[in-house]
There are 2 protein chains.
Amino acid sequence: MAETRWLDDDEQATWRAYLEGTRLLIHALDRQLETDSGVSFADYELLVLLSEAPGHRLRMRDLADASFTSRSGVTRAVTRLEDAGWVRRVECDDDRRGMHAELTEAGAAKLAEAAPGHVSAVRAHMFDHLSEADRAHIRDAYTRMRAHLLG
Amino acid sequence: MAETRWLDDDEQATWRAYLEGTRLLIHALDRQLETDSGVSFADYELLVLLSEAPGHRLRMRDLADASFTSRSGVTRAVTRLEDAGWVRRVECDDDRRGMHAELTEAGAAKLAEAAPGHVSAVRAHMFDHLSEADRAHIRDAYTRMRAHLLG
DNA sequence: CGGGAATAGTTGACCACGCAACAATGTCGT
DNA sequence: ACGACATTGTTGCGTGGTCAACTATTCCCG
């Protein structure tokens, strides 16, 4: 085991700013969505994923993968969204184990209602503070990190 | 209400890469700490904060602020850490409402044991993928975002 | 084919966290 | 000095999440 290479001051500052900024950002977005539209950030993202899928539907499994959460988490989230009337479960006809989660009209409407405020908040809290160069570096860096972590 | 300015493709890509990369990163760090040292990432951060504080102790309130979590969260986390023997509660002598959370010897030892692996993971999953320029942009951008969100 | 292994989704048990309410204590203006 | 108000830490409650176990179904290889 080699000697540990600790973070220098600059790396420390980067790490802390990133962690704390991210925590504050997510919290702010969550509160904005919750108070303005009655949707949590996590649920909002599920609705977005469904809205982008062909036929506005996704297998439970794919929804779990796409949202980077566990399958049981998706099961419960979809039940929640179903109770709210924003999603319905549809059986697969080619796989009798399978279930689709499908966006309802009400779900699409809720998304349309919530989206503008959310996008504004993302701009106000993040993109408005980024230069073109900042954004390019962040995009490329996190794209690499994501690829590495998925590998 | 003005027309919503949606995210363009580049902003979308940035946002998704950042969100997903962050989620994967935190998850990876959490698992590394949990499996190698039996500490959650959240608890690890509390130990770090205490280790950096004068006298290895912090008021509950300050610990909550520094960790960006709620007070009740800190109360329960400290109870958890106390049960593990890594932290002890010490009454304030200048404020009878007050409580200090103080790092124990065992807590310091646990931190010393966990830190190298954690730092290695942070390097492997994040800093190794960042150029000097990437890091500078991320540091500055998130520092601004954090300041804005704290304002 | 047929049967073991893999996969889909759900559920139960458990844990972590936030909010609101609370008692205890401190602070401050008048 | 005293009463209104603020602050501290804890707790009950509700919510949301993971892991492991389970059933039902599908896959695949001998």
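The chains referred to below are lettered A, B, ... by the order of the sequence lines, with proteins before strands, and numbering in each begins at 1.
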Chain B reaches DNA chain C, atoms under 4.0 Å from its heavy atoms, from C:dA16 to C:dG26
Requested in this report: Decide yes or no on salt bridge (Lys or Arg N to Asp or Glu O under 4.0 Å) for A:Arg16 and B:Glu52, but give the supporting numbers first.
Outcome: CA-CA 14 Å; A:Arg16 288 289 172 91; B:Glu52 292 172 344; 3.1 Å; yes
| task | Using modelled atom types only, decide if a donor and an acceptor are shared between the side chain of B:Thr104 and the backbone of B:Gly85 within a distance under 3.5 Å. | result | yes
Ionic contact status for [Y] with [X], cut-off 4.0 Å:
X: B:Arg59; Y: B:Glu102; answer: no
X: A:Glu34; Y: A:Arg31; answer: no
X: B:Arg123; Y: A:Glu11; answer: yes
X: B:Glu132; Y: B:Arg139; answer: no
X: B:Arg88; Y: B:Glu82; answer: no

Numerically ordered, the residues 48-59 of chain A set in heavy-atom contact under 4.0 Å with DNA chain C is A:Arg59
Sorted by number, residues from residues 81-97 of chain B placing a heavy atom under 4.0 Å from DNA chain C are B:Asp95, B:Arg96, B:Arg97
- prompt: Is the B:Tyr142 ring parallel, tilted or perpendicular to the A:Tyr142 ring (thresholds 30°, 60°)?
  reply: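 B:Tyr142 vs A:Tyr142 ring planes: perpendicular.
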#### Entry: Residue pair B:Asp134 / B:Ser131, side-chain donor-acceptor N/O under 3.5 Å
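Yes, side-chain donor-acceptor contact under 3.5 Å.
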Have B:Thr79 and B:Arg89 got a donor and an acceptor in their side chains that come within less than 3.5 Å? yes
Please report the shortest heavy-atom distance between [X] and [Y], naming the atom on each side.
X: B:Lys110; Y: B:Ser37; result: NZ-O, 2.9 Å
X: A:Leu25; Y: B:Leu149; result: N-CD1, 3.6 Å
X: B:Phe41; Y: B:Asp30; result: N-OD1, 2.9 Å

A correct 5'-to-3' footprint of nucleotides 13-23 of chain D, with B, S and - meaning base, sugar-phosphate only and no protein heavy atom under 4.0 Å, is B--SSBB----
- Hey, mind stepping through A:Glu20 and A:Arg23 against salt bridge (Lys or Arg N to Asp or Glu O under 4.0 Å) and telling me if it holds? CA-CA 5 Å; A:Glu20 295 172 6; A:Arg23 207 159 292 170; over 6 Å; no
Enter the inter-axis angle for the ends of the helix from C:dC1-D:dG30 to C:dT30-D:dA1 (five pairs per end, rounded to 10°).
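Roughly 30° between the end axes, to the nearest 10°.
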Those residues at least two apart in sequence (or on a different chain) that pass side-chain hydrogen bond (donor to acceptor under 3.5 Å, both in side chains) with A:Tyr18 are B:Thr22
